[in-house]
Amino acid sequence: MANSTHPETIVLHAGYRSDSATNAVAVPIYQTTSYQFDSTEHASNLFALKELGNIYTRIMNPTTDVLEQRVTAMEGGAAALALASGQAASMTAIQNICHAGDNFVSSTDLYGGTWNLFSNTFKAMGIEVRYVDPADPEGFATATDERTRCYYAETLPNPKLNVFPIKEVAEIGRNLGVPLIMDNTACPVLCRPFDHGAAVIVYSTTKYIGGHGTSIGGLLVDGGNFDWEAAGDRFPMLNQPDPSYHGAVWTEAVKPLGPIAYILKARVTLLRDSGAAMSPFNAFQFIQGLETLPLRMERHCSNADAVAEFLSGHGKVTNVIHPSQQDGETRRRADTYLKGGHGGLVGFELEGGVEAGKRFIDALELFYHVANIGDARSLAIHPASTTHSQLTPEDQLATGVSEGYVRLSIGIEHIDDILADLKQALDAA
Ligand code: PLP
């Protein structure tokens with residue numbers, strides 16, 4: 001069973017059987033800051049990474065470790081690192097390999113918070129983002145130069161919901177020695193980016209993995225499938241002595257441990273310094289969420305398909321955005337990369353534009369009006385006046401947000417109740 005390849009089994013069993021001290025079957029919440037060292041030699045071995053073990057909860061924790069191992073197994077990766085939020089995960093993913101003067105190439109189709117991080121915060125740090133429309137994967141090659149450290153994209157980016165060409169861009173990157181980092185937040189289980197050549201996965205666990213709207217968290221998963229050493233000069237941060245860790249060369253230091261240079265460096269330098277650690281209590285919540293994730297994704301997907309079909313036949317709706325409604329190359333990508341469903345997000349535009357959008361949202365009774373996605377409950381929001389409001393109107397349009405766009409995150413309630421609420425709110429719109 002420990003070697004199962006089925007996500008339904010992995011999320012319940014990988015990385016933990018029972019507690020070594022108490023035999024507890026549920027993963028205990030190790031609510032501790034510190035861990036007693038066995039001896040001075042043990043302590044110095046841990047700090048020197050000669051032995052792996054617990055030092056301090058800002059850097060590692062046994063509860064969090066189970067979450068990291070489970071998600072690693074679910075994705076078929078080498079190791080994972082939990083962080084305080086999805087934002088902390090995307091920030092760490094880039095900063096782990098980019099310094100001032102470096103650049104990275106990102107898809108234009110991004111969550112608004114990630115867009116801000118890349119366009120403003122990284123810019124102020126001297127790290128340049130180069131945006132490319134993923135409709136043409138070759139744009140990634142054209143934007144690459146010798147200071148390009150990675151490519152970045154979302155698998156199922158909301159609001160456009162155009163699935164990203166993972167294999168095509170990963171291959172371009174591998175030929176140039178550039179790793180592809182995929183934010184897979186919107187479609188865990190449905191897509192496994194490492195199967196298509198991605199090198200690193202980013203998650204906001206706040207969404208589907210948590211699944212119950214209780215906790216903010218994030219994760220990075222290292223595929224262990226990218227040869228950082230072979231890419232040589234492109235990754236001085238991994239291939240040259242690191243002054244922040246007594247001259248460790250990360251690709252050398254991990255040789256006895258496995259292909260985990262990227263994630264080990266992120267843990268023992270960036271997480272150590274940023275302090276953006278996930279709390280053990282939140283890790284426990286995410287472990288609970290993970291246990292039912294494959295089952296919930298099935299229901300999110302079947303409900304969302306039904307909602308997309310209902311909306312596409314409604315007279316007040318001018319456009320439905322959902323992979324089930326796409327055709328051509330966009331549809332081919334959805335069918336290639338999403339297995340077992342099209343995800344739980346549905347976008348649509350109303351005949352009456354922004355005012356009709358607001359009336360619709362105000363009339364909802366079952367749906368919550370919130371800034372989240374991936375909750376077991378159905379959620380709705382008007383992005384132009386909320387999540388994407390800090391972007392200029394031009395940047396909003398570039399990320400796919402028109403004035404009248406409404407985003408739905410379809411929950412796991414009975415489909416009849418979801419459709420009834422949408423119907424009555426559309427009547428009021
Ligand atoms: N990535 C995606 C695709 C998201 O939708 C979000 C949040 O909405 C994030 C990252 C950021 O995650 P968090 O809110 O956990 O910081």
Side-chain angles (χ1 to χ4, degrees), residues 64 67 71 80-95 106-122 129 134 152-164 166 181-191 193 198 200-221 271 274-279 282-283 285-286 289-290 297 300 321 323 337-338 343-347 368-375 377 379-383 386-391 396 399-401 405 407-410:
T64 312
L67 173 68
V71 176
L81 175 65
L83 290 139
S85 66
Q87 284 298 104
S90 44
M91 185 147 193
T92 305
I94 301 290
Q95 279 191 309
S106 171
S107 166
T108 43
D109 297 353
L110 287 180
Y111 161 62
T114 309
W115 179 282
N116 256 326
L117 169 68
F118 289 0
S119 307
N120 298 305
T121 302
F122 280 155
V129 58
Y152 192 99
E154 294 179 16
T155 310
L156 178 63
N158 88 77
K160 282 188 192 166
L161 303 180
N162 287 347
V163 173
F164 185 78
I166 306 175
I181 301 176
M182 290 303 308
D183 180 337
N184 204 45
T185 296
C187 49
V189 183
L190 307 179
C191 179
V200 174
I201 298 173
V202 171
Y203 273 117
S204 164
T205 52
T206 312
K207 314 293 191 290
Y208 290 100
I209 290 180
H212 298 82
T214 64
S215 312
I216 300 280
L219 265 169
L220 287 181
V221 195
L271 177 58
S274 72
M278 179 183 285
S279 82
N282 281 8
Q285 298 280 54
F286 295 129
L290 201 62
M297 289 312 289
H300 283 296
I321 298 105
Y337 295 111
L338 300 183
L345 302 175
V346 181
Y368 282 84
H369 179 201
V370 298
N372 197 18
I373 58 167
D375 196 312
R377 302 159 193 82
L379 317 172
I381 200 157
H382 176 236
T386 55
T387 50
H388 286 60
S389 60
Q390 286 140 43
L391 276 62
Q396 284 187 6
T399 63
V401 172
Y405 184 99
R407 180 186 76 201
L408 304 176
S409 173
I410 304 301

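Numbering of ligands and ligand atoms starts at 1, following listing order.
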Here the gap from Asn158 atom CG to Leu156 atom CG, rounded to the nearest 0.5 Å, amounts to 8.0 Å
Does a side chain donor of either Asp109 or Ser107 reach within less than 3.5 Å of an acceptor in the other side chain?
no
What are the polar N/O contacts of ligand 1 with the protein below 3.5 Å, with distances?
unit_1: ligand 1; atom_1: 1 (N); unit_2: Asp183; atom_2: OD2; d: 2.7
unit_1: ligand 1; atom_1: 8 (O); unit_2: Lys207; atom_2: NZ; d: 2.8
unit_1: ligand 1; atom_1: 12 (O); unit_2: Ser204; atom_2: OG; d: 3.1
unit_1: ligand 1; atom_1: 14 (O); unit_2: Lys207; atom_2: NZ; d: 3.4
unit_1: ligand 1; atom_1: 15 (O); unit_2: Gly86; atom_2: N; d: 2.9
unit_1: ligand 1; atom_1: 15 (O); unit_2: Ser204; atom_2: OG; d: 2.8
unit_1: ligand 1; atom_1: 15 (O); unit_2: Thr206; atom_2: OG1; d: 2.6
unit_1: ligand 1; atom_1: 16 (O); unit_2: Gly86; atom_2: N; d: 3.1
unit_1: ligand 1; atom_1: 16 (O); unit_2: Gln87; atom_2: N; d: 2.9

Roughly how far, to the nearest 0.5 Å, is the OH atom of Tyr203 from the CG atom of Leu220?
12.0 Å
So, Thr205 side chain and Gly218 main chain: donor-acceptor pair closer than 3.5 Å or not?
yes
Would you find a donor on one side and an acceptor on the other, under 3.5 Å apart, between the side chain of Glu154 and the backbone of Tyr111?
yes
SG of Cys191 to CG of Asn184, rounded to nearest 0.5 Å, is 5.0 Å
